[in-house]
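To start, the structure itself, in structure tokens.
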Amino acid sequence: MYCHALLSTMQGTLVDAWHRPSADGRPGAYLLWIRTEKGIVCLEDRDFRPSFAVIPERNVGLVEQAVGQHENVYRIETVPRYPSIYATGTTPVVRAFLLDERKVEETMREIRQRSPANVSFAEAKIRIDLQWHYLRGIPPHSAVRFTTDGGVLKSISAAGPCDTSKLRVLAVNCAFSTTDPAKCRLLSISLCDGAGESVFRGGEAAMVRSLQAALDERDPDALAMFDADNTQLPLLGLRARANGMALRLGRVSWSTDLHNAKKQRITHWQAAQARAPGRILLDLWKDARTDADLKRTDLSLESVYDKEFSLSAEKSEASKVYELAVERLPMFTSWCQRCMMPLDSVCREKHGFMNASMVNAALIGSTVIPDTAEYPEGFKTPLVEKVKENGGLVITPVAGLHEDVAILDFSSLFPRIFVKHNISPETINCRHEECREHGEQVPFLGFHICMKRKGVYPEVFGKVLEERDRVKRAMKALDPGSAEYRKLDVLYRSLKMQLVSPYGYMQFALNNFRTVDGNRSVPAFGRYYLLKARDMAEEAGFSVIYADTDSLFVHRNDPSLDYGEFGRLVSREFDMELKLEYVCRWVLFLPERQGCSKGLKKKYFASVDGEPLVRGLEVRRQDRARIAKDTQEQVLEILAAARNKKEFVEAIPSATAYVRKQVGRIMEGDLRADDLAIIKKLSRRPEEYKAMTHHCVAAEKLADGGRRVRVGGKIEYVVTGKNRAVPLEMAREAPLAYDVESYVDNVVRPIYMLLREFGVEYDDLLPGPRQARLERFGQVECKV
DNA sequence: GAATTCGCAGGAGTCA
DNA sequence: TGACTCCTGCGAA
């Protein structure tokens, strides 16, 4: 007899939802791991199966029957939904839950044959684990309320967002002798779980056994690693296997597949992701790679940690990994909540995929998600082809040094535009006659916007924008040093990032909801606002120095004018915040050519209270040698201290003297390979390059030397001559003759460009008497 | 399989 | 040799 009284409701945090694939003789299953107060429970959700949508053209009842009677269909569910976002009305859509997900293609084929009416299919390509979250309406890692009956889930519902403090995190850091698989040995494994650290040393087999024992005993929910997919896990797997062992990282009985040997000499950077069912595998390196704030570092654990905590601390690697994980978890779970993707994915995937998932998750209840784009060109009208300006507006600056300049920014301009003006695939140039005549018009392009319905992009991202504004307001009331502020700041950064890519994703080729017309409308509105703001500035007695997309550089013609007040005036006028970011002592724009009054766009140098504010110059570029960047940085610091043009000119001699000293060092060979290293991305295989560039030559040499080279990865090299370069790793090992002329020019030219308008000659930046010439340079060996 | 456009610059290669 | 184009990559927004 079934005793329902035993079904008590429990609460917990959903750690993992995993679909075990079907195998011959064993059907697939959705398994859930939930952390409760009493510990971890594993449940099977038998009601839920992988599924797809069947959209009958007519004869719904008969189609339902045909689908329901198919031998691979476990059960069906018919709900009225919009068959497409462009549809004006709903139609009954049958969802077929499958017994064996491997047979999805043939099941669809057979249903098509047996149906009494034409049918179309959709939603078969939605990732199998995401289907569970989408359709159950339960975000990954959220708090849940559930009932069970002997390991089988009876009911489940979301009971709030994820509380990351409920998850047990264990940081794992393995030290290897080298990353070369052929020579690699495991040196040590360290663990950190917040309470303490442990380090295993000694024989490889013993270390692997200790790690397994620690996992079994501590039973963490998440394993945090730095560069898990590319380094830590594959090498750990390799060494375990070499010692005749296998690791079990998940909460299932079988071992985790960690190392797949690659035969190619140069591999793709996107290493396969290991999955440990029941546990979360965090890769903090992959996250740092896509994080705008961290991108500027060299992506080593040390620099990512220092950047995140704005401090350099002497800590063990495992504890750094642990702290990073704990710090970033709330940021990740904010994404999880919205895009319905688990932490495993959120820390690895690019933002576009997560944006797409946000849209899908919001739509799936009411609208069928197509497997392919309905409009392959994404609604590109002939008009849009003709328009040359597609992006933001850039107003050419007047070259030279401008004193007393304010930089004002429209905050989150693009997302705010498509939310405010209701820009979305289905609303731009909609088919309603009424909207065509009376709907809002896009400036410059003349498109009309639907006034009858709210688009999906404004709907989804409007919520993100609202929360971002709410968090921002809350932060203003707090002390920036407080823990509460810090917590909100993490959330704020996540929300800000969630708003960066939706605009671009609108016209991304593989986005099934793409709209080219909609995408072009966004910067069109942006140009409209910026031009209006420029006119308002000029009317109010300011001159506009420069503008790029959403920022405005203005100078007051009358010292009594207030920059902040102008920002508020524009904000009120447009109902769109124009924020005063900086008031600069001066801003310097470089001329296009010597003596030219037209300034370069996207490159400037300003002094904000004596601190340099730089955009686009060499110091900001990673494809410049350390020595060149350090020299420029020092020069900029000297110059930034100047309060006005007069002091700027006075500061020039000390700047040039410094440059001469640095150039002297280069010519004497007083440099280490690291000072000379240039970093570039290898975007294809060396043989695919048409031009034999330095980074391509270096990549070839690395691969020939038996080292790992990843397409899409970064190549560091030292230039030794025309068409000649040596990878940094090799340059460190033996003395090498670097290309002095090239490096001198790399250091001198940026400074020369900066100062030539003030009468500085190229030769003034070279050491020795003025008649010094580059011809003197020979090849000099650098220090090792 | 996972955002875009605009703008700048250096090096290789080509031509006169 | 210098002017030009193409290839490639990077950064600003």
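Proteins come first, then strands; the chains are lettered A, B, ... in the order of their sequence lines, and each starts at number 1.
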With a non-hydrogen cut-off below 4.0 angstrom, is A:G504 in contact with a base, only sugar-phosphate, or nothing?
base
Could you give the CD-to-C1' distance, from A:Q273 to B:dA2, as a whole number of Å?
15 Å
B:dA3 and C:dA12, which share atom name C1', separated by this distance in whole Å
15 Å
Where each residue is assigned the nucleotide of DNA chain B containing its nearest heavy atom, which of A:N511 and A:Y503 is assigned the position nearer the 5′ end?
A:N511
Aromatic plane relationship, A:Y529 with A:H421 - under 30° parallel, 30 to 60° tilted, over 60° perpendicular
tilted
Nearest whole Å is fine: how far is C:dG9 P from A:E618 CD?
19 Å
In whole angstrom, what separates A:L600's CG from C:dA12's P?
14 Å
Please report the distance, rounded to the nearest Å, between CG in A:N360 and C1' in B:dG1.
13 Å
Applying a 4.0 Å non-hydrogen cut-off, can you work out what A:S683 is touching in the nucleic acid: base, sugar-phosphate, or nothing?
sugar-phosphate
Hey, does A:F414 reach any base, or is it just sugar-phosphate, or nothing, if we go heavy atoms under 4.0 Å?
nothing
Taking donor-acceptor contacts at under 3.5 Å, does the side chain of A:K350 reach the base of B:dA2?
no
Does OP1 or OP2 of B:dG7 have a side-chain N or O of A:K601 closer than 4.0 Å?
yes
Do A:R416 and A:D469 sit within salt-bridge range, that is, some charged N less than 4.0 Å from a carboxylate O?
yes
With respect to the side chain of A:R615, which nucleotide from C:dA12, B:dG7, B:dT4 is positioned closest?
C:dA12
Picking from B:dA9, B:dT4, C:dG11, the nucleotide nearest the side-chain atoms of A:R624 would be B:dA9
Ring centre gap for A:Y604 and A:H402 strictly below 6.0 Å
no
NA contact type, A:K602, heavy-atom cut-off 4.0 Å: base, sugar-phosphate, or nothing?
base
Angle between ring planes, A:Y717 versus A:H694, binned at 30° and 60°: parallel, tilted or perpendicular?
tilted
At under 4.0 Å between heavy atoms, what does A:L510 touch on the DNA or RNA strands: base, sugar-phosphate, or nothing?
base
What's the closest nucleotide to the side chain of A:Y689 if the choices are B:dG10, B:dG7, C:dT8?
C:dT8
Dump the pairs, protein N or O against N or O of nucleotides 11-14 of chain B, anything under 3.5 Å, distances to one decimal.
unit_1 : atom_1 : unit_2 : atom_2 : d
B:dA12 : OP1    : A:N723 : N      : 3.1
B:dA12 : OP1    : A:N723 : OD1    : 3.2
B:dA12 : OP2    : A:K722 : NZ     : 3.2

Minimum-distance nucleotide to A:R749 side chain [options: C:dA13, B:dA9, B:dG10]:
B:dG10
Any side-chain donor near an acceptor of the partner, A:R127 and A:S345, under 3.5 Å
yes
Over how many whole Å does the gap from A:I715 atom CD1 to C:dT8 atom P extend?
16 Å
Which listed nucleotide (C:dG9, B:dC6, B:dA9) is nearest to the side chain of A:K603?
B:dA9
Could you tell me whether the phosphate oxygens of B:dC8, OP1 or OP2, come under 4.0 Å of any side-chain nitrogen or oxygen in A:R621?
no
May I have the distance from A:L617 (atom CG) to B:dG7 (atom P), rounded to whole angstrom?
18 Å
Stacking of A:F353 on B:dA2 base (centres under 5.5 Å, planes under 30°)
yes
Could you tell me how far apart A:H695 (NE2) and C:dG9 (P) are, to the nearest whole angstrom?
4 Å
Salt-bridge present (A:R626, A:D674; N to O < 4.0 Å):
no
So which nucleotide from B:dG10, C:dA13, B:dA9 ends up closest to the side chain of A:Y604?
C:dA13
Side-chain N or O of A:R620 versus OP1/OP2 of C:dC10: is the shortest distance under 4.0 Å?
no
So, are A:K463 and A:E459 salt-bridged, with charged N and O less than 4.0 Å apart?
yes
Looking at C:dG9, I'd like to know if its phosphate oxygens (OP1 or OP2) sit under 4.0 Å from a side-chain N or O belonging to A:Q622.
no
Apply side chain to side chain contact (heavy atoms under 4.5 Å, CB included) to A:A124 and list each qualifying residue two or more places apart in sequence or on a separate chain.
A:F52, A:V104, A:M108, A:D371
Counting only N and O atoms by type, is there a donor-acceptor contact under 3.5 Å from the side chain of A:D283 to the main-chain atoms of A:D227?
yes
Expressed in angstrom and rounded to an integer, what is the separation of A:E592 atom CD from B:dA9 atom P?
9 Å
